[in-house]
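Below is one structure, written out as structure tokens; comments come after it.
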Amino acid sequence: MRPAVGIIAEYNPFHLGHARQIAALREILGADCAVAAVMSGSFVQRGEPAVLSKYVRAEAAVRCGVNLVLELPAVYAVASAETFARGGVALLHGAGVFTHLCFGSEAGDLSPLMAAAACLDSEDYHQAVRRRLSEGVTFAAARQAAVREGIGVAAECLRLPNNNLAVEYLRALRGLGSTMEPLTIRRFGAAHDSDEDSGCPSASLIRRRMLAGEPWQAGVPAAMANLAEAEIAAGRGPASLRQGERAVLAVLRGMTAEDLLPYDGGGEGLCRRFHQAVRRGRTLEEVLALCKTKRYPLSRLRRMAIAAYLRLPPPAEPPYLRLLAADGIGCALLREIKRTSVLPVITKPAGVRRLGPQAQALFAAEARCTALYDLCCPVLGTGTAGGEYAAGAIILNQE
């Protein structure tokens with residue numbers, strides 16, 4: 001039986017570093033291994049719309065070497081690293097076929113990542129964090145100091161973003177009792193969020209260039225470039241929060257502090273601070289700046305704003321697996337998943353009607369995300385507003 005590898009990704013957009021990761025894992029596990037991605041949908045972890053629709057990004061991933069793409073629902077995608085990782089790993093674990101979980105990291109070595117994961121799950125760590133928070137330091141500083149106290153220099157891995165996410169994947173694997181074997185590949189190309197114009201620019205730089213109308217195609221495989229150019233020509237991309245900003249502000253200004261409470265993230269009074277800022281800020285950036293403190297970083301505030309705008313339900317255990325795209329190998333893998341999965345598999349939107357209320361509520365939230373995503377596109381009405389229940393999976397080169 002060929003290895004089946006799961007990747008949790010955003011592919012926003014799929015770039016040369018992603019292609020290099022897939023090539024590297026096939027060098028390690030064999031050219032015939034099946035690769036599946038659990039991919040964020042219309043909105044991503046940064047608290048903003050994906051630059052291109054999930055259907056285009058899923059098709060590009062399959063054309064660039066992924067065999068199967070499943071959707072990571074927005075309740076996990078627009079969330080902290082811990083929730084993002086837990087949701088993605090739970091979906092792959094529930095499928096019952098994956099032998100490996102592959103993820104990129106700056107470390108390129110599991111040893112410090114596993115040490116950090118074990119530390120973060122220990123009672124000594126939690127006690128050390130509580131002690132340092134009581135001294136008035138920020139959570140990030142308390143966390144770093146507590147881990148360094150536990151594992152020494154290995155704690156330095158947590159200073160880098162992909163390492164941080166890798167550690168959360170490892171924690172999720174252990175928390176779920178998963179038998180998937182972790183496999184990390186050193187991140188290739190420019191650093192996360194970097195403006196470095198290397199042969200493999202970061203996704204952030206590619207998005208900025210795309211939104212500015214500057215050349216960006218050299219940073220992505222040809223299949224991704226072709227699909228993206230067609231979307232841009234049709235007015236369906238690139239999507240951005242700036243284009244949907246007034247819609248976001250309109251929804252947020254219509255909410256009470258109590259309405260915002262479910263998105264507070266800890267009952268710390270942030271909902272009241274946010275409610276006041278929404279009424280003073282003229283732009284979303286102004287709102288976030290008014291809320292920002294050492295305790296509330298911009299990343300958390302942006303996710304809170306978008307989660308509230310989308311009216312996302314709280315994350316729970318995933319109720320289904322949803323197919324976005326596949327090739328022939330992916331279709332064969334999907335047939336195996338249908339035999340082994342503890343979760344029902346949705347290949348057509350109509351399939352959700354046979355599932356329970358939790359699954360239907362989650363799918364309805366995804367449909368709402370897709371409809372609101374349309375408001376972030378350059379030309380209104382060119383997206384998939386109202387069409388989520390009619391959108392089927394993309395199947396390429398079926399065996």
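Hydrogens, waters and symmetry mates play no part in the numbers below; they use all other heavy atoms, side chains included. Worth saying up front: this structure is predicted, and the values here are computed from it rather than measured.
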Any donor-acceptor pair under 3.5 Å from Glu245 side chain to Leu284 backbone = yes
query = In terms of heavy-atom contacts, does CE of Met114 have more than 12 from other residues, nucleotides or ligands at under 6.0 Å?
reply = no
query = When Glu388 is tested against each of Lys348, Arg368, Arg322 for salt bridge (charged side-chain N to carboxylate O under 4.0 Å, His left out), which residue passes?
reply = Arg322
task = With the side chain counted from C-beta on, respond yes when Phe274 and Leu288 share a heavy-atom pair under 4.5 Å apart, and no when they do not.
result = yes
request  = Taking atom CZ of Arg131 as the centre, report whether more than 12 heavy atoms of other residues, nucleotides or ligands fall under 6.0 Å from it.
outcome  = yes
ask   = Do Glu82 and Arg86 sit within salt-bridge range, that is, some charged N less than 4.0 Å from a carboxylate O?
value = no
ask   = Considering residues, nucleotides and ligands other than Arg130, do more than 12 of their heavy atoms fall under 6.0 Å from its CZ?
value = yes
Check: Leu396 main-chain N/O paired with Asp327 side-chain donor or acceptor under 3.5 Å = no
query = Do Leu170 and Leu92 share a hydrophobic cluster, counting only Ile, Leu, Val, Met, Phe, Trp and Tyr and linking them when any side-chain heavy atoms are less than 4.5 Å apart?
reply = yes
message = Any non-hydrogen side-chain atom of Pro221 less than 4.5 Å from a side-chain atom of Leu16?
response = yes
Parallel, tilted or perpendicular, as decided by the 30° and 60° cut-offs, for the rings of Phe84 and Tyr169 = tilted
key: Candidates Leu113, Val89, Leu110 - the one meeting side chain to side chain contact (heavy atoms under 4.5 Å, CB included) with Pro182   = Leu110
Polar contact flag, side-chain donor to acceptor under 3.5 angstrom, Glu229-Gln217 = yes
request  = Determine, for Arg132 against Glu149, whether the closest basic-nitrogen to carboxylate-oxygen distance falls under 4.0 angstrom.
outcome  = yes
Validation row: Val352, Leu362 side chains within 4.5 angstrom (heavy atoms) = no
ask   = How about Val278 and Met255: do any of their side-chain heavy atoms sit closer than 4.5 Å?
value = no
ask   = Arg186 side chain to Glu106 main-chain N or O, any donor-acceptor pair under 3.5 Å?
value = yes
query = Does Arg279 CZ have over 12 foreign heavy atoms under 6.0 Å away?
reply = yes
